[in-house]
Amino acid sequence: MVSEKDCIFCKIVRAEIPCSKIYEDNEFLAFLDIRPINKGHTLVVPKLHCKNLLDFPKAEETDLIEFIKKVANAVVKATKADGFNLGMNNGRASGQVIPHAHFHIIPRFSDDGLRHWPNREYEKGEIDKVQKKIVSFL
Ligand code: AMP
Ligand code: ZN
């Protein structure tokens, strides 16, 4: 487990290592991803260390969706993007490499050549079983 002391995004929040800051408030920070999927790819992180969405701190003041909308709007305008993806990897199996929760705002272009994830099919009746199982954990 990575401690706050060693966590790279905590170090960015504490300004111990540099970042290309886009926006911040008391609880969240947005900065450019250093290895962007497309240029302008921006990360939004809570300033409090947490590893993923499931242990995300409850924001005291910030309306997180409004924060993300504000940043995404600026990213899209600045890059003249045709759209954007809002993504979040949670856990190593999902592709999360940095264990400090973060949202990806990725500007997208009609001709950027990136492909979406492939879709799968349910077996007959399977979708009802999956639905009931998920609901049973709520
Ligand atoms: P994830 O795979 O969801 O954990 O994404 C981690 C992201 O953090 C990757 O897209 C990296 O390019 C990005 N990243 C890693 N180190 C830094 C850094 N020092 N500053 C900005 N972005 C970083
Ligand atoms: Zn951290």
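Note that the numbering runs from 1 along the sequence shown for the chain. For ligands, and for the atoms within them, numbers begin at 1 and follow the listed sequence.
- The Zn ion (ligand 2) lies closest to atom ND1 when only the N/O/S atoms of His49 are considered.
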Practice prompt. Decide side-chain contact (heavy atoms from CB on, under 4.5 Å) for Asn38 and Thr79; before the verdict, give the C-alpha distance in whole Å, the side-chain angles of both, and the deciding distance to 0.1 Å.
Written response: CA-CA 9 Å; Asn38 281 324; Thr79 58; over 6 Å; no
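- Among the atoms of Ile12, none of the N or O lies under 3.5 angstrom from an N or O of ligand 1.
- Grouping the Ile, Leu, Val, Met, Phe, Trp and Tyr side chains by contacts below 4.5 angstrom, directly or via other members, places Ile8 with Leu29.
- For the ligand labelled ligand 1, residue His102 lies inside the 4.0 Å heavy-atom shell.
- Ion pairing between a basic and an acidic side chain is recognised when a charged N comes within 4.0 Å of a carboxylate O; Glu66 and Lys69 show such pairing.
- The contact set between ligand 1 and Asn89, taken as ligand atoms under 4.0 Å from a residue heavy atom, comprises 1 (P), 2 (O), 3 (O).
- For atom 22 (N) of ligand 1, the closest non-hydrogen atom on the protein side is Ile34 N, 3.2 Å.
- Geometry at the Zn ion (ligand 2): SG/Cys7 and ND1/His100 form an angle of 100°, nearest 10 degrees.
- Scanning the protein for heavy atoms near atom 15 (C) of ligand 1, the closest one is Ile98 CD1, 3.9 Å.
- Looking at His104 next to ligand 1, an N or O pair under 3.5 Å apart turns up.
- Of all atoms in ligand 1, numbered sequentially from 1 with element shown, those under 4.0 Å from a heavy atom of Phe9 are 8 (O).
- A salt bridge between Arg108 and Asp112 is present, with a side-chain N of the basic residue lying under 4.0 Å from a carboxylate O of the acidic one.
- Among all non-hydrogen protein atoms, the one lying nearest atom 2 (O) of ligand 1 is Gly95 O, 2.8 Å.
- For CD of Glu60, the number of neighbouring non-hydrogen atoms (other residues, nucleotides, ligands) closer than 6.0 Å is 12 at most.
- The environment of Lys11 atom NZ is dense: over 12 non-hydrogen atoms of other residues, nucleotides or ligands sit within 6.0 angstrom.
- With hydrogens and angles left out, the side-chain atoms of Asn26 and Glu61 include a donor and acceptor closer than 3.5 Å.
- Leu48 and Val44 are members of different hydrophobic clusters when ILVMFWY side chains are connected at heavy-atom separations under 4.5 Å.
- Ranking protein heavy atoms by distance to atom 4 (O) of ligand 1, first place goes to Val97 N, 2.7 Å.
- Within the 4.0 Å heavy-atom cutoff, Ile37 does not count among the residues contacting ligand 1.
- For ligand 1, the polar-atom distance check against Ile17 finds no nitrogen or oxygen pair separated by under 3.5 Å.
- Annotation: atom 11 (C) of ligand 1 to nearest protein heavy atom, Asp33 OD1, 3.4 Å.
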